[in-house]
J.: 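There's a structure below that I have some questions on.
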Amino acid sequence: MAKRAARRENGNRIRLDLEFERQDLLVALFGEYDQNLVAIENRLGVYIAARGDKISIEGQEEAAGRARDVITGLYNRLAEGQEIDPGDVEAVIAMSAQPMLDGVVRKDVSEPPKVMIRTRKKTIVPRSITQTTYMESLARDEIIFALGPAGTGKTYLAVAQAVHQLITGSVDRLILSRPAVEAGEKLGFLPGDMREKVDPYLRPLYDALYDMLPIDQVERRIANGDIEIAPIAFMRGRTLSDAFVILDEAQNTTPAQMKMFLTRFGENSRMVVCGDPKQVDLPGEGVSGLADAVSRLEGIDGFGTIRFGTGDVVRHPIVGRIVEAYEGPS
């Protein structure tokens, strides 16, 4: 637990002091060469001095208060046995400026997250307010539409929840699918058999799996059918029971494909449909099956719809700025 003290400086500037009980956590808290503290200084415009088990923060009152909450929140995560990395630091800084869902009270980032997903390799916690809502929906709703730009964690968190349910026995199978939309190249011109042709389209799903499970377990579960990764066309004619099913890049399905996919839903199953309605790669003026499905099904009991924005991008901060630049006025 961190002890707090405050002292008013000149004008609106303030000095806040923190003292930590567990010195063994401070190396991870500060980061290599104090990189975590430097990141907080740069993002919030404060000055942080660390001496032994104490930290002093100087700056404008609001910025210093946010820095204190960010540092306390990171420390509390470490005290609960979680790991933190530069991405977590950036995420907690961003969350410290976001309002609660009621739009009135700021999220208390000084407390460790109340929702998390445990997999074999890591414990995953939300990095934005919308991710918190999404993770709650993943644990509750039968079919979830996750909409928003790249880098917001839509697919990554869905795979994490799927792996969690697979290793705890809540489901028997994990099925990951994407439409194999051709972007300038024809599948027939690519070398190899069908799996080798479509694997490049499915690579992001493999990458997420390898982040959750040891590679040998992923390969073994794929070999014995516990995990299946396939284009959406392979879903036709099946009923997917006792399965966690994820459809990624769903904006590139047609309405007919989306209907076919959703009607595969079986007993004790969960479906997550991820996509960015603004990044449709269908040829011509084709209607996106994702937009069509959301317009028909949003609000129906058992369906959850989560909308991410550019403020929810949790990759490197520059990714968020790139998304904003492309989505802003031209």
Side-chain angles (χ1 to χ4, degrees), residues 1-23 25-80 82-115 125-133 152 308-321 323-324 328:
M1 187 134 180
K3 298 178 182 178
R4 303 182 179 190
R7 185 168 71 229
R8 181 74 58 181
E9 300 287 331
N10 295 329
N12 290 327
R13 293 186 67 80
I14 194 171
R15 173 173 168 170
L16 304 176
D17 295 314
L18 291 173
E19 183 176 353
F20 302 96
E21 292 182 359
R22 293 186 54 183
Q23 294 193 41
L25 301 178
L26 298 187
V27 172
L29 177 64
F30 297 171
E32 188 176 9
Y33 302 114
D34 292 342
Q35 64 177 354
N36 295 343
L37 301 183
V38 171
I40 296 169
E41 286 182 322
N42 292 339
R43 288 288 305 279
L44 299 181
V46 298
Y47 172 74
I48 301 174
R51 299 179 183 86
D53 61 352
K54 299 180 179 64
I55 281 180
S56 65
I57 306 165
E58 295 183 19
Q60 296 296 313
E61 186 170 356
E62 181 181 356
R66 284 178 61 192
R68 174 198 59 203
D69 291 347
V70 168
I71 293 170
T72 303
L74 294 170
Y75 174 83
N76 287 337
R77 291 190 185 197
L78 291 167
E80 289 205 348
Q82 300 175 26
E83 296 181 354
I84 62 173
D85 59 29
D88 293 311
V89 177
E90 292 287 347
V92 176
I93 293 171
M95 290 177 71
S96 72
Q98 293 182 344
M100 287 286 280
L101 298 180
D102 59 13
V104 177
V105 182
R106 196 181 74 206
K107 176 71 174 175
D108 186 4
V109 296
S110 65
E111 294 298 323
K114 299 297 189 294
V115 59
V125 297
R127 291 187 170 188
S128 73
I129 302 300
T130 310
Q131 281 198 357
T132 301
T133 307
T152 51
F308 293 88
T310 55
D312 297 304
V313 173
V314 294
R315 293 178 185 169
H316 192 285
I318 199 170
V319 177
R321 294 195 288 272
V323 173
E324 289 178 351

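No hydrogens, no waters, no symmetry mates; every other heavy atom, side chains included, goes into these values.
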J.: How long is the straight-line distance from CD1 of I40 back to OH of Y47, given to the nearest 0.5 Å?
T.: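 If we round to the nearest 0.5 Å, Y47:OH and I40:CD1 are 14.5 Å apart.
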J.: Between Q35 and V89, does the side chain to side chain contact (heavy atoms under 4.5 Å, CB included) criterion hold? Intermediate values first, please.
T.: CA-CA 10 Å; Q35 64 177 354; V89 177; over 6 Å; no
J.: At their closest point, which heavy atom of P126 faces which heavy atom of R77, and how far apart are they?
T.: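 Heavy atoms only, the tightest pair is O-NH2, 3.9 Å.
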J.: Heavy atoms, side chains only, cut-off 4.5 Å: are L78 and L29 in contact?
T.: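 The answer is yes, as the side chains (C-beta and beyond) meet within the 4.5 Å cut-off.
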J.: Rounded to the nearest 0.5 Å, what's the gap from CG on L16 to CZ on R68? Could you check?
T.: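 If we round to the nearest 0.5 Å, L16:CG and R68:CZ are 5.5 Å apart.
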J.: When rounded to the nearest 0.5 angstrom, what distance separates CD1 in I71 from CG in L18?
T.: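 Reported value, rounded in 0.5 Å steps: 6.0 Å.
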J.: Please give me the minimum heavy-atom distance between G59 and V46, naming the atom from each residue.
T.: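 That would be CA-CG1, 4.3 Å.
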J.: Rounded to the nearest 0.5 Å, what separates atom CG in N36 from atom CD in E90?
T.: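 Interatomic distance, N36 CG to E90 CD, rounded to 0.5 Å: 9.5 Å.
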J.: Determine yes or no for a side-chain-to-main-chain donor-acceptor pair under 3.5 angstrom, with N76 supplying the side chain and G73 the backbone.
T.: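 Not a single qualifying donor-acceptor pair exists.
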J.: So, the side chain of E41 versus the backbone of I48: is there a donor-acceptor pair under 3.5 Å, distance only?
T.: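 Here the side-chain-to-backbone pair exists.
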J.: Could you measure the distance from the CZ atom of R51 to the CD atom of E19? Nearest 0.5 Å is fine.
T.: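 Result: 13.5 Å between the selected atoms.
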J.: What heavy-atom pair brings D88 and L74 nearest, and what distance separates the two atoms?
T.: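 The pair with the smallest heavy-atom distance is O-CD2, 4.3 Å.
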J.: Atom CZ of F20 and atom CD1 of I55: how far apart are they, to the nearest 0.5 Å?
T.: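 Here the interatomic distance stands at 4.0 Å.
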J.: Dump the intermediate steps for side chain to side chain contact (heavy atoms under 4.5 Å, CB included) on E61 and R13, then the final yes or no.
T.: CA-CA 6 Å; E61 186 170 356; R13 293 186 67 80; over 6 Å; no
J.: When you measure from the side chain of Y75 to the backbone of R22, do you find a donor-acceptor pair of N or O atoms at a distance under 3.5 Å?
T.: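 Answer holds: yes.
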J.: Check I14 against A64 and note the closest heavy-atom contact, atom names and distance.
T.: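 Looking at all heavy atoms of both residues, the shortest contact is CG2-CB, 3.6 Å.
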J.: Apply the test side chain to side chain contact (heavy atoms under 4.5 Å, CB included) to residues D17 and I57: give CA-CA distance (whole Å), side-chain angles for both, the deciding distance (0.1 Å), then the verdict.
T.: CA-CA 6 Å; D17 295 314; I57 306 165; over 6 Å; no
J.: Got a donor-acceptor contact below 3.5 angstrom from the D34 side chain to the L37 backbone?
T.: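 It does not hold such a pair.
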